[in-house]
Amino acid sequence: MFEFMKKYMESPEEILSVCGDDCSVCPRYRASTDEEYREVAEFWYRVGWRDHIATREEMECHGCSIDNNCRYKLMQCTMDHGVKACNKCTDYPCEKIQDMHASSDQKEAECRAMMDDEDFAVMKRAFYCKRELLEKL
């Protein structure tokens, strides 16, 4: 799985989202071919992040924006609070962030159970180091 991600795992570059996700190693952010998008969409479906195998158009991600499908609406929240990242907010850690961390912790365990070590390393770096990566913003 995620064979196309190997080249990104070697890079020290980080593209951090407002919540601390590392987009530089996110399979959804890095996918570029129909095959890669399909692979990511099938995985997102298997782990319950989607209720169907999404189309390429549904899966394409160009980084944080107000239009993203973030269930916590964190980009809008950071804009409303005038901060560049959640941890810069005077309300941090707010209920939205606490809910996101709880969900992330649950998804991490589910992903770990479904993936080999190499693929899990991608997901770990992309999504499950939020707390540590937020400190870099």
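The chain is numbered in sequence order, starting from 1.
- Judged by distance alone, the side chain of Y37 and the main-chain N or O of A31 form a donor-acceptor pair under 3.5 Å.
- Residue pairs meeting the side chain to side chain donor-acceptor pair (under 3.5 Å) criterion with at least one member in residues 11-22, sequence neighbours excluded: E13-R30, E14-K136, D21-K130, D22-S24, D22-R125.
- Atom CE of M123 sits about 5.0 Å away from atom CE of M115, to the nearest 0.5 Å.
- Checked for salt-bridge contact, E58 and R50 miss the test: no charged N lies under 4.0 Å from a carboxylate O.
- Interatomic distance, M59 CE to R56 CZ, rounded to the nearest 0.5 Å: 11.5 Å.
- Between E10 and K6 no salt bridge is recorded (no basic side-chain N to carboxylate O distance below 4.0 Å).
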**side chain to side chain contact (heavy atoms under 4.5 Å, CB included) assessment of Y92 paired with L134** = CA-CA 11 Å; Y92 181 82; L134 266 177; 3.6 Å; yes
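- Between K107 and E110 a salt bridge is recorded (basic side-chain N to carboxylate O distance below 4.0 Å).
- Scanning for side-chain hydrogen bond (donor to acceptor under 3.5 Å, both in side chains) contacts around K124 gives E108, with sequence neighbours left out.
- Under a cut-off of 6.0 angstrom, the local environment of CD in E132 is crowded, with over 12 non-hydrogen atoms contributed by other residues, nucleotides or ligands.
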**Item:** Working for ring-ring contact (aromatic ring centres under 6.0 Å, His included), residues W49 and F127
**Value:** CA-CA 13 Å; W49 292 352; F127 302 114; 5.5 Å; yes
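- For the pair R112 and F120, the cation-pi test (distance below 6.0 Å, angle within 45°) is passed.
- Remark: the Q106 side chain and the S103 side chain contain no N/O donor-acceptor pair separated by less than 3.5 Å.
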